[in-house]
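Per chain, numbering begins at 1; letters A, B, ... match sequence-line order. Side chains are part of it too, since the values below use all heavy atoms of this structure and drop only hydrogens, waters and symmetry mates. Remember, it's a predicted structure, so these values are computed and weren't measured experimentally.
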Amino acid sequence: MNAPDRYDLFYLPEGAKKMTITPDPKVENGATFDILREDHTMGNLIRSKLLEESQVTFAGYKVPHPLEHNVVLKVQTTLDTKPEMMVAKALNDLITEVSYLKQKFVEELGRARALVIPREQKPMEEQSQIGIPPTTTTTITTTRENNTHTNPPPAGSNTGGVAVDMDF
Amino acid sequence: MEPYTGTINSGGAKPEIKIDELTSERVKFILTNTDLSMANALRRIMIAEVATIAIDMVEFELNTSVLADEFIAHRLGLIPLDSTEAEKIKYSRECSCQGACKECSVELNLHVKCTEEDTTKDVTSRDLVSNDPRVTPIQDGLKDPGILIAKLRKGQEIKVKCIAKKGVAKEHAKWSPCAAVAFEYDPFNKLRHAHYWIEDDEKKEWPASKNAEKDFPPGDDEVFDFTAKPNRFYFEVETIGSMKPEDIVMNAFKKLLEKISSVQMGLTTNDVNAINREPPREF
Ligand SMILES: [Zn+2]
């Protein structure tokens with residue numbers, strides 16, 4: 001009846017601000033960042049990235065209430081910078097790091113799919129059935145004994161053989 | 001690829017990923033030279049924030065089976081549907097339609113009746129007929145009997161219309177693409193993050209995990225390094241079948257980037273000049 005929408009825990013309400021910054025009234029160069037619709041995933045990630053910086057003197061986060069899906073981040077920096085600048089830098093660094101890891105994973109997939117790691121292969125008659133497209137699990141067709149790619153990729157798929165999906 | 005320009009961790013090395021095993025149902029990889037928070041964020045996103053498609057609404061036209069409507073609806077929701085194309089489907093709350101349309105949902109119909117005497121008829125995921133060939137209940141070859149939904153006796157019948165929607169497991173666990181995400185670091189417990197209960201011999205009572213073969217054992221007289229941080233993470237991602245395991249990892253990376261960007265947007269749209277910058281109060 002009065003239950004909140006299920007998607008309320010990750011969907012930013014219309015017109016709401018994702019982040020509000022409040023300077024600390026007592027601490028110089030300290031600020032509180034209220035981030036809406038985030039949880040420990042982002043809170044802890046930003047906090048630990050901030051703590052890698054020598055200009056950050058304090059960084060901590062909390063999820064104030066388990067039924068309210070918000071994160072509060074507190075940051076204090078040295079006087080030569082500002083908390084929001086350090087948070088911006090932390091977010092930038094995170095983007096670089098995740099993008100790099102993502103690309104590394106794509107490269108590794110190419111290697112893994114091509115030769116080193118075998119995919120199990122099912123007999124042809126099990127691969128397709130009328131009305132139901134072949135299961136996607138069989139698109140990679142490398143075997144330990146035979147490294148040539150025998151099966152054509154199913155229609156509409158660009159994932160045949162050694163090729164790595166570059167749409168990632 | 002572009003040279004790495006991000007921050008380099010205290011060890012002075014770039015983050016790395018190495019895939020150890022890749023099969024149709026699992027991928028094992030080692031994530032190194034990054035922080036525990038990064039590894040944990042990846043794990044949490046793979047479990048709860050990678051979008052898949054699952055049955056979300058069931059309209060019962062007929063149910064004369066012994067099972068209640070809600071019970072069957074719940075079972076239908078948990079059936080993994082092929083979600084390889086989930087990215088091309090909209091979230092229905094973001095769709096311009098009212099309720100459900102082709103852009104944001106898939107209709108699956110099920111109509112089974114038992115007509116034979118003295119036999120039970122199994123209603124399985126194979127009886128679901130999808131109106132979208134991209135989104136079907138997953139099936140492992142022809143011999144796969146499908147997932148059991150209900151059993152019918154003579155004269156009993158089930159006729160339902162299911163609406164499958166895109167969602168994430170934060171909303172309901174049925175949308176999780178992962179059966180399990182194993183996540184381990186420091187198999188030798190060099191960091192003392194685990195506190196073992198020991199009767200006589202720690203090594204005998206707490207044998208090292210399989211990942212210990214890929215880690216560096218401590219020296220016999222190695223001193224405890226209290227500044228050490230975990231930087232080698234062993235992952236094993238197992239899919240429930242709705243998605244290839246490597247796609248789960250890829251989509252998790254994409255989702256993580258999206259999340260960071262949305263926070264970044266939130267920060268930049270804050271007009272810095274408008275922030276109330278009062279001088280610190282005196283006490
Ligand atoms: Zn729609």
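Here B/D144 does not pair with B/R126 in a salt bridge; the nearest charged N to carboxylate O distance is not below 4.0 Å. The existence of a salt bridge linking B/E236 and B/R26 is confirmed by a sub-4.0 Å separation between a basic side-chain nitrogen and an acidic carboxylate oxygen.
For chain A, no part of B/V129 is nearby; none of its heavy atoms comes within less than 4.5 Å. With a threshold of 4.5 angstrom between heavy atoms, A/I46 approaches chain B through side-chain atoms but not through N, CA, C or O. For A/N92, the parts lying under 4.5 angstrom from a heavy atom of chain B are both the backbone and the side chain. For chain A, the nearby part of B/L31 is the side chain; its heavy atoms alone come within less than 4.5 Å. Proximity to chain A (any heavy atom under 4.5 Å) is shown, for B/S261, by both the backbone and the side chain. In this structure, the portion of A/I35 lying under 4.5 Å from any heavy atom of chain B is its side chain and not its backbone. For B/S130, no part lies near chain A; criterion is any non-hydrogen pair under 4.5 Å.
Judged purely by atom type and a 3.5 angstrom limit, A/R47 has no side-chain atom pairing as donor or acceptor with the backbone of A/V75.
If you tally non-hydrogen atom pairs under 4.5 Å between each of A/L94, A/N44, A/D8, A/T41 and chain B, the highest count goes to A/T41. Between chain A and the residues B/M38, B/K170, B/E49, B/R93, the largest count of heavy-atom pairs under 4.5 Å involves B/R93. The greatest number of non-hydrogen atom pairs below 4.5 Å with chain B, out of A/L45, A/V87, A/L9, is found for A/L45.
Close placement of the B/F29 and A/F105 rings is indicated, their centers lying within 6.0 Å of each other.
The heavy-atom pair separating A/P13 from A/R37 by the smallest distance is CG-NH2, 3.5 Å.
For B/E94, the CD atom sits in a packed shell: over 12 heavy atoms of surrounding residues, nucleotides or ligands are nearer than 6.0 Å.
Classification of the B/F233-B/F183 ring pair by plane angle, with boundaries at 30° and 60°, yields parallel.
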